[in-house]
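Notes for the one structure printed next.
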Number of protein chains: 2
Amino acid sequence: MITKRTYTISELASEFDVTPRAIRFYESEGLLNPERDGQKRIYYSKDYVLLKLILRGKRLGWSLAESKQLLDLYDPSQQNQNQYHQVLQKIEESRLRLEQQRQDIELMVLELDEHQARIEQAMSGT
Amino acid sequence: MITKRTYTISELASEFDVTPRAIRFYESEGLLNPERDGQKRIYYSKDYVLLKLILRGKRLGWSLAESKQLLDLYDPSQQNQNQYHQVLQKIEESRLRLEQQRQDIELMVLELDEHQARIEQAMSGT
DNA sequence: CTCAAAGCTTACGTTAACGTAAAGGTTAAC
DNA sequence: GTTAACCTTTACGTTAACGTAAGCTTTGAG
């Protein structure tokens, strides 16, 4: 019999370099729903993955509400709420936003490259 | 004699679909510094570009303070403040962050693709 | 047994990025 | 010459995403 890997809140916190408070906050906002052992929260690898997705969203500037929408798309227990074509539409919206971000990144990197070249030019002329 | 293109604050606002208040706020945070005609602010294409960069940063989840740092790198009048190698270092930091975001986007898009395929599978089986 | 470490809830505080509103100046059109 | 459409400044309000602190419970180690 295999026992699933579990995490305490502080384990999860140090794993991702966030505070327990933040993790609890994500739960209060409906993004996580860990099981309990009495009072204590128990996190499984499912929650681990969810937290990873949340933090990925944060790095991309998504609000928790936006990330929640995305997570809900993947949540089978919510599948009845969201009609299929509605899900497909939300997927498409996310994709568009990501595409825009991708463009923004390309441009930023290009400009950084150019500016770096200018600086190095100026430095060589010292 | 050519006269440069200028913008009023509301022109610039509607151009980028933000409010005049937001533009004034960016100025108060030191990201913009439009000239004046008496009381009135006058924006040139230089400011137009700056605002574009600010909003691009916002789409990538950068704070105004972070965007300001980036803009300061491009500002020649600040060039004396920032030593060359310091500038190069900040450029490198920005590049790293953008690289991380790029990765995050790749992963998100991949997962969206997979999920979309699953949905379409499920739909075809109706 | 006891005490330190970790967990819990509740609640108030904080920062960023504006929104909203008030009160007033300027100017082009009628 | 007055009204509508903008502009200005000042100031208080709001929301998101936690931080911080207080007070209480649980638990493994010595």
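Computed from a prediction, not measured in an experiment: that's the story for all the values here.
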(Q) Measuring from the side chain of B:Ser63 (C-beta onward, heavy atoms only), which nucleotide among C:dG7, D:dC18, C:dA17 has the closest atom? (A) C:dA17

Q.
Can you work out whether A:Arg24 or B:Leu64 has the more 5'-proximal nearest nucleotide on DNA chain C?
A. A:Arg24

Q.
Would you say B:Thr19 places a side-chain N or O within less than 4.0 Å of OP1 or OP2 belonging to C:dC18?
A. no

Q | A:Glu99 and A:Gln103: side chain donor to acceptor below 3.5 Å | A | no

Q.
Taking B:Leu88's backbone N and O only, do any of them form a donor-acceptor pair with A:Gln116's side chain (distance below 3.5 Å, no angle check)?
A. no

**Q.** Passing candidate, side-chain hydrogen bond (donor to acceptor under 3.5 Å, both in side chains) with A:Glu15, options A:Tyr7, A:Tyr48, A:Tyr43
**A.** A:Tyr48

(Q) Between the side chains of B:Arg95 and B:Glu92, is the shortest nitrogen-to-carboxylate-oxygen separation below 4.0 Å, so that they form an ion pair? (A) yes

Q: Select from B:Ala65 and A:Arg36 the residue whose nearest nucleotide in DNA chain C is closer to the 5' end of that strand.
A: A:Arg36

**Q.** Separation of atom CD1 in B:Ile23 from atom C1' in C:dC18, rounded to whole Å
**A.** 13 Å

Q) Distance check: side-chain N/O of B:Thr8 vs OP1/OP2 of D:dC6, anything under 4.0 Å? A) no

Q) Would you say D:dT8 has OP1 or OP2 under 4.0 Å from some side-chain N or O of B:Arg41? A) yes

Q) How many Å lie between CG on A:Asp37 and C1' on C:dC8, as a whole number? A) 13 Å

Q.
Can you tell me which nucleotide in D:dT9, C:dC8, D:dC7 comes closest to the side chain of B:Lys40?
A. D:dC7

Q: Report the nucleotide, chosen from D:dC18, D:dT9, D:dC7, that has the shortest atom-to-atom distance to any side-chain atom of B:Gln39.
A: D:dT9

Q | A:Arg21 CZ to C:dG13 P, straight-line distance once rounded to whole Å | A | 14 Å

(Q) In whole Å, I'd like the distance from the CG atom of B:Leu32 to the P atom of C:dA17. (A) 14 Å

Q) Can you tell me how far C1' of C:dA17 sits from CZ of B:Arg59, to the nearest Å? A) 17 Å

Q.
Output the rounded distance in Å from CD1 (A:Ile54) to P (D:dC18).
A. 10 Å

Q: To the nearest Å, give me how far apart CD1 (B:Ile9) and C1' (D:dC6) are.
A: 11 Å

Q. Between atom CD in B:Glu27 and atom P in C:dC18, what is the gap in whole Å?
A. 14 Å

**Q.** Check ion pair B:Glu93-B:Lys90 (N to O, under 4.0 angstrom)
**A.** no

Q: Ignoring the backbone of A:Lys58, work out which of C:dC8, D:dC18, C:dC18 is nearest its side chain.
A: D:dC18

